[in-house]
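Following: one structure in structure tokens, then a few remarks.
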2 protein chains.
Amino acid sequence: MPRTEEQNQQIRDERQEQILQAALKVFARRGMAAAKISDIAAEAGFSHGLVYHYFKSKEEIFSTLVKKALQGSTLVIQYAQQQEGSPLQQLRWMTNMILQNISGEGAYLFLIMMQAFTSDAIPEEVKQMMDDGLAFSAIKATLPLIQAGQQAGEIMPDDPVKLAVLYYSLIQGLAISKIQWKDCPMPDADMVLRVLKAK
Amino acid sequence: MPRTEEQNQQIRDERQEQILQAALKVFARRGMAAAKISDIAAEAGFSHGLVYHYFKSKEEIFSTLVKKALQGSTLVIQYAQQQEGSPLQQLRWMTNMILQNISGEGAYLFLIMMQAFTSDAIPEEVKQMMDDGLAFSAIKATLPLIQAGQQAGEIMPDDPVKLAVLYYSLIQGLAISKIQWKDCPMPDADMVLRVLKAK
DNA sequence: GTCTATAAATCGATAGAC
DNA sequence: GTCTATCGATTTATAGAC
């Protein structure tokens with residue numbers, strides 16, 4: 001009895017997701033360039049031929065992951081601004097979400113994004129995504145939140161861009177620390193927000 | 001007229017340093033795996049054959065750079081503890097040194113170290129260096145400073161390890177931000193130390 | 001849909017000329 | 001000391017069998 005088209009579609013979706021999950025781990029651990037298609041295939045439990053059945057190239061897999069990571073990070077900021085409460089409370093909500101994310105598999109996505117930002121050895125399409133302003137969108141999108149907090153006297157009066165850099169540097173650094181040292185003690189949101197809060 | 005042995009030695013030292021400088025840039029930009037020997041040779045202005053005349057392999061070049069980076073970072077901590085003043089003042093001195101370093105070429109060394117920490121695709125010798133405790137030596141070496149500061153009431157009372165993680169995460173994140181965004185506004189030492197200071 | 005065999009290209013490393 | 005030519009291994013990507 002042959003499979004229905006519906007079942008085939010389900011298999012395809014499943015495989016695609018399995019490959020992406022496997023690729024995320026391999027890319028994070030070995031980097032885009034050092035990651036071999038055979039590594040990804042082995043991690044997912046398939047032959048390397050199958051990977052090429054679902055993705056045109058290694059670059060396409062990497063691009064897909066970066067896209068997902070960027071979308072995810074902009075979403076968190078949007079949700080934060082829809083939360084109730086003062087700007088500082090919104091920032092606290094967002095920080096909590098991010099810290100929670102970092103503690104799980106989410107740290108890998110941070111590493112992928114960082115590779116995309118710092119490495120030259122990435123697909124042209126990914127470079128494009130970075131240049132198109134999506135790159136600093138996180139900082140830009142957070143500026144209104146910071147400025148509102150400053151007017152409310154909750155956040156220290158200083159260059160908002162500098163404060164945003166400070167904040168995201170800490171977040172990014174924590175994600176890396178978590179990967180470097182799996183059981184490292186993680187600070188809570190309020191400790192992170194000390195870099196922003198008014199005295 | 002043939003060169004004297006002295007002149008030859010000088011040429012060798014010079015070439016070795018030129019290759020290391022070029023390799024630092026290439027490794028930081030492309031990662032250990034993606035970096036090609038021909039890239040390094042081109043950056044230094046030599047043929048790829050000459051690189052192999054001075055280094056046994058690509059791995060050896062990478063290991064040499066990681067070693068230098070690790071030595072440098074432990075040195076700063078040692079010097080900091082020899083500075084006069086309170087623990088917080090010593091930390092401020094150290095933070096200033098690091099921030100100054102990051103603003104220049106030093107950021108590349110941070111990236112190299114981070115690759116060494118996070119990537120699986122690195123030489124066995126380098127992994128050894130990390131495992132041998134040199135890895136978290138920065139955090140360990142800073143603990144006395146933090147604890148002294150807590151007793152003096154200058155630093156907030158909390159798990160010293162957690163505070164060290166917070167501090168170094170921020171430092172590391174700032175180094176990465178600086179590479180991602182060459183002209184990003186950098187905070188001063190006191191802004192960084194807000195994550196440690198007592199209220 | 002999945003696998004194995006294979007082509008094509010890339011790159012680390014060496015040998016030998018100058 | 002420096003360069004060019006070349007080997008050998010690895011890896012991406014494809015073709016074709018099941």
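Here is the naming used below: chain letters follow the sequence lines, and residue numbers restart at 1 for every chain.
Residue pairs satisfying the ring-ring contact (aromatic ring centres under 6.0 Å, His included) criterion with at least one member in residues 88-107 of chain A, sequence neighbours excluded, are absent. For residues 66-78 of chain B, the pairs satisfying salt bridge (Lys or Arg N to Asp or Glu O under 4.0 Å) are B/Glu17-B/Lys68, B/Lys67-B/Glu125, with sequence neighbours left out. The list of ring-ring contact (aromatic ring centres under 6.0 Å, His included) pairs with a residue in residues 175-199 of chain B, not counting sequence neighbours, reads A/Phe136-B/Trp181. Within the structure, the salt bridge (Lys or Arg N to Asp or Glu O under 4.0 Å) test picks out the following pairs touching residues 82-101 of chain A (sequence neighbours left out): A/Arg92-A/Asp190.
Take A/Glu154 and apply the side chain to side chain donor-acceptor pair (under 3.5 Å) test, not counting sequence neighbours, and it matches A/Ser86. Every residue meeting the side chain to side chain donor-acceptor pair (under 3.5 Å) condition with B/Arg12, not counting sequence neighbours, appears here in chain and number order: B/Glu5, B/Gln9. Not counting sequence neighbours, A/Lys162 has no partner by the side chain to side chain donor-acceptor pair (under 3.5 Å) test. With sequence neighbours excluded, no residue forms a side chain to side chain donor-acceptor pair (under 3.5 Å) with B/Gln151. Partners of B/Phe62 according to the ring-ring contact (aromatic ring centres under 6.0 Å, His included) rule, which considers only residues two or more places apart in sequence or in another chain, are B/Phe27.
Interface residues of residues 32-49 of chain A facing DNA chain D, ordered by number: A/Ala35, A/Lys36, A/Ile37, A/His48; criterion, heavy-atom separation under 4.0 Å. Within a heavy-atom distance below 4.0 Å of DNA chain C, no residue of residues 8-25 of chain B is found.
A salt bridge between A/Lys36 and A/Glu43 is absent, with no side-chain N of the basic residue lying under 4.0 Å from a carboxylate O of the acidic one.
The separation between A/Arg30 atom CZ and D/dT11 atom P is 9 Å, rounded to whole Å.
Interface limits on DNA chain C: the 5'-most and 3'-most nucleotides within less than 4.0 Å of chain A heavy atoms are C/dG1 to C/dA5.
B/Tyr54 comes within 4.0 angstrom of sugar-phosphate atoms only, judged by non-hydrogen atoms across all strands, and of no base.
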